[in-house]
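One structure below.
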2 protein chains.
Amino acid sequence: MSIVFLRCLLTASKTYSTLFVNVHVNVNGVSIMTNSRSESVTIVQVAQEAGVSAQTVSRVLNNRPDVSAATRERILGVIERLNYKPNAIARGLVQRKTHSLGVIAAGLEKYGPLRTVIGIEQETRALGYSLLLSLIPDDATENQVVEALEHLLARQVDGVLWSAPEIGPNRAWLDSLLGRLTVPTVFMSMHPHPAVTVIDTDNRMGGNLATVHLTEQGCRRVAHICGPQSQWSALQRRLGWEDALRAVGQTPDAALLVEGDWTAASGYAAIRELIERVPDLDGVFAGNDQMGLGALLAASELGIRIPEQLAIIGYDNIPEAAYMQPPLSSIRQHLHDSGAIAVRELIRQITLQRAGNNSGEGQTILVEPDLIVRRSSLYAKP
Amino acid sequence: MSIVFLRCLLTASKTYSTLFVNVHVNVNGVSIMTNSRSESVTIVQVAQEAGVSAQTVSRVLNNRPDVSAATRERILGVIERLNYKPNAIARGLVQRKTHSLGVIAAGLEKYGPLRTVIGIEQETRALGYSLLLSLIPDDATENQVVEALEHLLARQVDGVLWSAPEIGPNRAWLDSLLGRLTVPTVFMSMHPHPAVTVIDTDNRMGGNLATVHLTEQGCRRVAHICGPQSQWSALQRRLGWEDALRAVGQTPDAALLVEGDWTAASGYAAIRELIERVPDLDGVFAGNDQMGLGALLAASELGIRIPEQLAIIGYDNIPEAAYMQPPLSSIRQHLHDSGAIAVRELIRQITLQRAGNNSGEGQTILVEPDLIVRRSSLYAKP
DNA sequence: TTGAAAGCGCTAACAT
DNA sequence: ATGTTAGCGCTTTCAA
């Protein structure tokens, strides 16, 4: 057994081949035979061993009723003894159904997309399906997207979960995509579209909840640090903010809006910008909690007391929000649930389609978020 | 198109079926035929269309040299025209190689495991493989683990990446697992073992780096908030802490050690505990940045100035660390790289095994972390 | 350079 | 209740 230590050379390019390898330690000649190249057991071998035809074994495997109890017992015994496991690939080929779903996701380093994918995975497995994961960059080119999709389709996934942010209002792009979707597909973030099913959280409602909360605290100049406006969810949150301002008779002011990129760094920069632009700023709705964190630090460095002078609320309700200084109010989404709902909806569509009931009609389901109040938003109206 | 709004009933159980459904809006009868149930194109159809046999098409698909340029061109044209995509399932069945890898992962809600999986996914796709994702709980039972594994193996993955924390020092459990691993497997976190390949970051070195940094700042009473000691990485970080204390002539004191569960909440609680136990505490090495965040808040609430009175360092170097109050020093790991390295190593082993060179010998590769100094650890020795 | 035959492991459809 | 036949879409092997 040898132990090798690697030190990454960060100034060089990021690929493995350019890593500086530093061998430190011992080789010792232990050699345990792990797994001999044993050919795996097939249904025919089980059948022979049990003295029946492969078909009968297949019936047992698929829990068909038309097998005598005695035969079933005997076959189950042989299966156990030979440690036989059905080959899902072969089964998928003949049934034209692989019992696998593909998910195209982006931005897993962010809380929302990640939780959604985790919810998707758990429901997928709970329902007996496998999940093929395909990650694309947030700003993926059409080529990258198509490649990721073709990859999943070549694997004969039974359905696709589209968990990447919609890129811009590019309807043409979407249409080209829809043409390639030869299997049922559910989108996780997308403007409602008559031909597609969308399961999402209600970002506009969430943005509204956050902003109304601030105005109710007495804030009169509420800014918004929004996410990239090319992304549907970020756009909706901003509209929710505007709705809330209009509800108190204000016209959303461009000076109150700064676009960030979801990172704490961008939230930090946004506050410095806003403070300069808007001297009487008294509330900030950050489009996510990371940007909220950056806002908290910037305010602290500028000597602004949160929440007495400036109320701040984030979005996502990440676990860390409760431990920021001060603890950050936020909007909780039910991402895990919406991932699970999407999987169920997708499998429902797969089943329907197989039964020939292909409606072709899209449905949009929006899961409602809720407000979590912590100290950062308890503005003390002067 | 209908839009449905869902409000989650959190007091009820978490399953979809118990969600309270609230239908708000419009149905409109747009019905676009998305994808007709077109049977997909097969190699035989391409062959007929091109006036050749299926084998010749196969040769073109697999870039075999023994096809005349003219025939190749013609076939490629037909493939393009019919929009033919080879069926990877059928190919996998006959070749006994699916070009897919399975990853068993846990704890994706934590930064480290997530980045590792992202690294794995990217390298997997870059090398032309698919990735099947199987998540298990951090404290998975043997049954859950076996089920997840069997699931992947039934799908005929060519190899497995084990990215779940080793649970306890249970060698018997590992042996039972190894017996089931009928395909090459690489572990991401595991004590070195002669029969398995392990790609990991050097957590002991990291723990040591963190602690040495604190002692070099002049801290004399350095506590450690460790992760669950049943997990290999947490255990190694603790040993690194002990190494560093011994290096300055101290004997690690049980009073200086508190076990957390990686959450900010546990870091928060740990500081309150430590302050009570150790009045002259002057340094804390938190086993990850979330616990470090909790520690920062607790210290702040107790009126302890960081770093002047108490130096704190975390681990993982999450992006948010730079925006904590004060910015949190940390240990950066090259998780993305180690994920990528693991994939390469796994595919190497798959290739070797197919060539008959099954060494059966394990190798351990440790990627070295490095220290990131920010304000939280700049202790001012009294 | 190309084609015909066989078969990967399994199940659907029809036998009996 | 059980077996036989055929074939999913592709590649391998061998022959031409």
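Chain identifiers are assigned alphabetically (A, B, ...) following the order of the sequence lines, protein sequences preceding nucleic acid strands; residue numbering begins at 1 within each chain.
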Between [N] ([atom2]) and [X] ([atom1]): distance, integer Å:
{"X": "B/Gln48", "N": "C/dG3", "atom1": "CD", "atom2": "C1'", "value": "14 Å"}
{"X": "B/Gln45", "N": "D/dG9", "atom1": "CD", "atom2": "P", "value": "8 Å"}
{"X": "B/Gln156", "N": "C/dC8", "atom1": "CD", "atom2": "C1'", "value": "11 Å"}
{"X": "B/Asn62", "N": "D/dC10", "atom1": "CG", "atom2": "P", "value": "11 Å"}
{"X": "A/Lys97", "N": "D/dC8", "atom1": "NZ", "atom2": "C1'", "value": "16 Å"}
{"X": "B/Gln95", "N": "D/dG9", "atom1": "CD", "atom2": "P", "value": "17 Å"}
{"X": "B/His99", "N": "D/dC10", "atom1": "NE2", "atom2": "P", "value": "15 Å"}
{"X": "A/Ile43", "N": "D/dG3", "atom1": "CD1", "atom2": "P", "value": "12 Å"}

*When you check the phosphate oxygens OP1 and OP2 of C/dT11, does a side-chain N or O of A/Arg91 lie under 4.0 Å from one of them?*
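For A/Arg91, the contact criterion (side-chain N or O under 4.0 Å from OP1 or OP2 of C/dT11) is met.
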
*Under-4.0 Å side-chain N/O to phosphate OP1/OP2 contact, A/Arg96 with C/dT11*: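 Result: no.
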
*asked:* Tell me every residue that passes side-chain hydrogen bond (donor to acceptor under 3.5 Å, both in side chains) with B/His336, counting only those two or more places apart in sequence or in another chain.
replied: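 B/His336 satisfies side-chain hydrogen bond (donor to acceptor under 3.5 Å, both in side chains) with B/Gln122 only.
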
*Give, for atom OG1 of B/Thr56 and atom CZ of B/Arg72, the distance between the pair rounded to the nearest 0.5 Å.*
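The CZ atom of B/Arg72 is 10.5 Å from OG1 of B/Thr56, to the nearest 0.5 Å.
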
*In Å and rounded to the nearest 0.5 Å, what is the CD to CD distance from B/Glu123 to B/Glu345?*
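Here the interatomic distance stands at 12.5 Å.
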
_I'd like to know if B/Arg59 reaches the base of C/dG3 with its side chain, counting only an N/O donor and acceptor under 3.5 Å._
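When only heavy-atom distances are counted, B/Arg59 does reach the base of C/dG3 through a donor-acceptor pair under 3.5 Å.
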
*Would B/Ser53 and B/Gln55 count as a side-chain hydrogen bond (donor to acceptor under 3.5 Å, both in side chains) if you check the C-alpha gap in whole Å, the side-chain angles of each, and the deciding distance to 0.1 Å?*
CA-CA 5 Å; B/Ser53 71; B/Gln55 295 65 29; 3.0 Å; yes

Given [options], which nucleotide is nearest the side-chain atoms of [X]?
{"X": "B/Gln55", "options": "C/dA5, D/dG9, D/dG3", "result": "C/dA5"}
{"X": "B/Thr56", "options": "D/dC10, C/dC10, C/dG3", "result": "C/dG3"}
{"X": "A/Ser53", "options": "D/dT4, D/dC8, D/dT11", "result": "D/dT4"}
{"X": "B/Asn87", "options": "C/dG3, D/dC10, C/dC10", "result": "D/dC10"}

*Can you name the one residue among A/Thr98, A/Thr351, A/Val183 that meets side-chain contact (heavy atoms from CB on, under 4.5 Å) with A/Asp158?*
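Answer to the side-chain contact (heavy atoms from CB on, under 4.5 Å) test with A/Asp158 among A/Thr98, A/Thr351, A/Val183: A/Thr98.
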
_Using a 4.0 Å cut-off on heavy atoms, which residues in residues 63-76 of chain A reach DNA chain D? List them by number, or say none._
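Contacts with DNA chain D under 4.0 Å: A/Asp66, A/Val67, A/Ser68, A/Thr71.
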
*Measure the shortest side-chain to side-chain distance between A/Arg180 and A/Leu149 over non-hydrogen atoms and say whether it is less than 4.5 angstrom.*
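Yes, side chains in contact.
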
*Can you find a heavy atom in the side chain of B/Ile43 that is under 4.5 Å from one in the side chain of B/Leu61?*
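Result yes, sub-4.5 Å side-chain heavy-atom pair found.
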
